[in-house]
Protein chains: 2
Amino acid sequence: MAEQSNTEWIRETLAEFMRTTGKKNTRQREVIVDVFLESDDHLTLQELLDRVQVTEPNVGFATVYRTMKMLVEAGVAKERHFGTDQALYELVHQGEHHDHLICNRCGHIFEYEDELIEARQEEIAASFGMKITGHRHELYGEPVGDGPCNH
Amino acid sequence: MAEQSNTEWIRETLAEFMRTTGKKNTRQREVIVDVFLESDDHLTLQELLDRVQVTEPNVGFATVYRTMKMLVEAGVAKERHFGTDQALYELVHQGEHHDHLICNRCGHIFEYEDELIEARQEEIAASFGMKITGHRHELYGEPVGDGPCNH
DNA sequence: ATAAGTGCAAAGCATTTGCACTGAT
DNA sequence: ATCAGTGCAAATGCTTTGCACTTAT
């Protein structure tokens with residue numbers, strides 16, 4: 001299945017990164033990576049820590065913090081900031097790119113991909129003599145009706 | 001000129017807001033608003049404070065902080081967060097909307113408006129049964145050539 | 001008079017770091 | 001043996017707030 005192969009890709013990419021940069025394999029990092037891989041969601045450091053501590057109660061916040069930074073550096077995780085000042089971490093899916101639509105009512109995060117917008121961004125940048133190295137596109141909204149949302 | 005009339009619009013909108021919500025006019029607020037209006041730029045609270053203190057050395061950080069929050073509430077200022085965790089404030093221009101392209105090399109902030117993207121966002125939201133209440137679109141990039149940029 | 005505003009300093013809070021100890025290679 | 005990793009607690013950095021005093025209405 002696709003999910004399985006992305007997990008494989010992440011593990012391999014990370015292993016390669018760690019080999020190249022001389023990082024060591026530790027029990028803590030293994031657990032953190034496992035927890036992160038198991039949840040295809042947007043998690044705060046605290047949520048990650050809580051889940052890690054189920055297996056390894058002694059792991060500290062700083063270790064999760066540093067490990068997630070490493071995953072971002074290795075290119076297998078992304079750090080996001082939606083409205084709040086708390087960082088959220090999400091898995092990178094090989095070769096994919098997506099942006100986010102956040103429901104104001106329940107906090108649900110939708111993901112979307114749009115070629116048209118991506119292309120348009122490049123044109124805009126070019127019109128200023130620039131090329132894009134990164135971007136951030138977040139939509140905030142609410143359900144069209146006004147019942148409670150079922151996201 | 002157009003800039004003059006936007007200043008008028010801001011002053012009137014703000015006066016109306018203050019009247020309606022029972023806020024008082026103070027010397028501090030006048031100076032802060034003047035400083036903010038004079039600079040059509042993206043300013044941190046500290047930068048605003050520095051400029052305010054040229055005229056009114058006793059004004060404190062908290063007053064600038066609270067005044068800018070009020071301006072945002074009144075709809076005449078916007079608070080932005082580009083990359084750093086420091087808030088930047090910018091003037092609202094009546095009836096206008098724009099997004100930003102930030103130069104990684106020199107920090108210059110370009111502003112752009114794109115109907116096509118705006119429309120596309122609505123379509124995307126609609127495809128999830130949502131309507132947009134707000135959005136955030138930031139492009140980060142660098143000059144096409146590799147000389148130093150002259151922004 | 002009275003309710004809002006101000007300035008200061010302290011509190012919040014998420015993030016980041018210094019350091020002595022532990023553990024992987 | 002060596003050097004990276006860990007856990008803790010303390011330090012940051014920006015933002016926010018409590019409080020006693022001041023000022024606009």
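Each chain gets a letter, A, B and so on, in the order the sequences are listed, and its residues count up from 1. What you are looking at is a predicted structure, and each value in this text was computed from that prediction instead of being measured.
Comparing B:A62 and B:T26, the nucleotide of DNA chain D nearest to each residue sits closer to the 5' end for B:A62. Taking the nucleotide of DNA chain C with the nearest heavy atom to each of B:G22 and B:T63, the more 5' of the two is matched to B:G22.
Between the P atom of D:dT22 and the CD atom of B:Q28 lies a distance of 13 Å, rounded to the nearest Å. Here the C1' atom of nucleotide D:dC8 and the CG atom of A:L49 are 13 Å apart, to the nearest Å. Rounded to an integer number of Å, the gap from CE of A:M70 to P of C:dT16 is 16 Å. We find that CD of B:E79 is positioned 7 Å from P of D:dT15, with the value rounded to whole Å. When the P atom of C:dC8 is taken as reference, atom CZ of B:R66 falls 12 Å away, rounded to whole Å. Rounded to whole angstrom, the span from the NE2 atom of B:H81 across to the P atom of C:dA14 amounts to 15 Å. The nearest whole Å value for the distance from the OH atom in A:Y65 to the P atom in C:dA14 is 14 Å. Rounded to whole angstrom, the span from the CE atom of B:M68 across to the P atom of D:dT15 amounts to 12 Å.
Proximity note for B:K24 (side chain, C-beta onward) versus D:dG7, D:dT25, D:dG5: the nearest is D:dT25.
In terms of phosphate contacts, B:N58 brings no side-chain nitrogen or oxygen within less than 4.0 Å of OP1 or OP2 of C:dT6. Note on B:R29: a side-chain N or O is less than 4.0 Å away from OP1 or OP2 of C:dT6. The side chain of B:K69 places an N or O atom within less than 4.0 Å of a non-bridging phosphate oxygen (OP1 or OP2) of D:dT16.
A distance-only check finds no donor-acceptor pair linking the side chain of A:T63 to the backbone of A:V59 [under 3.5 Å].
Salt bridge absent: A:R29 and A:D34 never bring a charged side-chain N and a carboxylate O closer than 4.0 Å.
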Practice prompt. Take B:Q53 and B:L49, measure what side-chain contact (heavy atoms from CB on, under 4.5 Å) needs, and give me the verdict at the end.
Written response: CA-CA 6 Å; B:Q53 289 186 332; B:L49 178 62; 3.6 Å; yes
Worksheet item: Passes side-chain contact (heavy atoms from CB on, under 4.5 Å), A:D99 versus A:E113? Steps please.
Response: CA-CA 6 Å; A:D99 291 297; A:E113 231 182 312; over 6 Å; no
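When each of A:H42, A:H108, A:H137 is tested with A:H100 by the rule ring pair (Phe, Tyr, Trp, His ring centres under 6.0 Å), just one qualifies, namely A:H42.
A:R27 comes within 4.0 angstrom of nothing in the nucleic acid, heavy atoms only.
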